[in-house]
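Below you'll find the structure, written out as structure tokens, and then a few comments.
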Amino acid sequence: MSIVTRLHIDGGDLVARLPWRWALAARRRTVRLPLKFVDEVRVEPHWWRALRPRPGRRYRYRPGRWCVGEIEHARGRDFVAVHTRGPVLVVSTFGRDAPYTRLVLSTADPEAEAIRLPRLTADPSKS
């Protein structure tokens, strides 16, 4: 069984539900991002390119396996929940009030999510 993050729309929020192992490491089960802040959804084929250099206090990792938590950088902070194999889904945001600059997530099928999410953010009632 693969450890992946599951995504769904709840009201006006994009909700990322973490697997229990990652939830323990991140000290949270879900991450919520209001849809009004979603700017771009894309797939990054190389997980390590999506990570920024400075992990925050709420960041945990297992070298060569996975990393989860907040990463701080000059433009704000990202939330990451990735395993170190395969492509990752990157959800970029805009606006100063956005809780995160980006969400970087390992999902079961990042390519399908990258197609599905922009449609759902345009019309949240289709979730």
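In this structure, L33 is a member of the same hydrophobic cluster as L35, with clusters built from ILVMFWY side-chain heavy atoms closer than 4.5 Å. Cluster annotation: F79 is connected to I9 through the hydrophobic network of ILVMFWY side chains, with a link wherever side-chain heavy atoms come within less than 4.5 Å.
Connectivity analysis of hydrophobic side chains (ILVMFWY, heavy atoms under 4.5 Å, direct or indirect) links W20 to L24.
Contact annotation: the side chain of T5 approaches that of P19 to within less than 4.5 Å [non-hydrogen atoms, C-beta and beyond].
When every heavy atom of A23 is checked against every heavy atom of L18, the shortest pair comes out as N-CB, 4.1 Å. Considering every non-hydrogen atom in both A81 and V68, the closest pair reads CB-CG2, 3.9 Å. The two residues V104 and A50 make their nearest non-hydrogen contact at CG1-CB, 3.6 Å.
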Assess the residue pair V80 and L105 against the criterion (side chain to side chain contact (heavy atoms under 4.5 Å, CB included)); give the C-alpha distance rounded to whole Å, side-chain angles, the decisive distance to 0.1 Å, and a yes or no. CA-CA 6 Å; V80 301; L105 308 167; over 6 Å; no
Working note: W47 + S106, criterion side chain to side chain contact (heavy atoms under 4.5 Å, CB included); need CA distance, chi angles, decisive distance, verdict. CA-CA 9 Å; W47 67 270; S106 288; over 6 Å; no
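Here the side chain of T84 pairs a donor or acceptor atom with the backbone of G64 at under 3.5 angstrom. H83 places a side-chain N or O within donor-acceptor distance of the main-chain N or O of R85, the cut-off being under 3.5 Å.
Every residue meeting the side chain to side chain contact (heavy atoms under 4.5 Å, CB included) condition with R65, not counting sequence neighbours, appears here in chain and number order: R62. Applying the ring-ring contact (aromatic ring centres under 6.0 Å, His included) rule to F37 yields no partners; only residues at least two apart in sequence or on another chain are considered. Listed by chain and number, the residues in a side chain to side chain donor-acceptor pair (under 3.5 Å) with R21 amount to none (sequence neighbours excluded).
The CG atom of L14 sits 9.0 Å away from atom CD of E113, with the distance rounded to the nearest 0.5 Å. In this structure, CG in L103 is found 8.0 Å from CG in D78, a value given to the nearest 0.5 Å. One distance of note links CG of L7 with OG1 of T30; it measures 11.5 Å at 0.5 Å rounding.
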Name the atoms and distances for all side-chain donor-acceptor pairs under 3.5 Å in residues 86-97, with sequence neighbours left out.
from: T93; atom 1: OG1; to: Y100; atom 2: O; distance (Å): 2.6
from: T93; atom 1: OG1; to: T101; atom 2: O; distance (Å): 2.9

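Identified under the salt bridge (charged side-chain N to carboxylate O under 4.0 Å, His left out) test for residues 24-33, with sequence neighbours left out: D10-R32, D13-R32, R28-E70.
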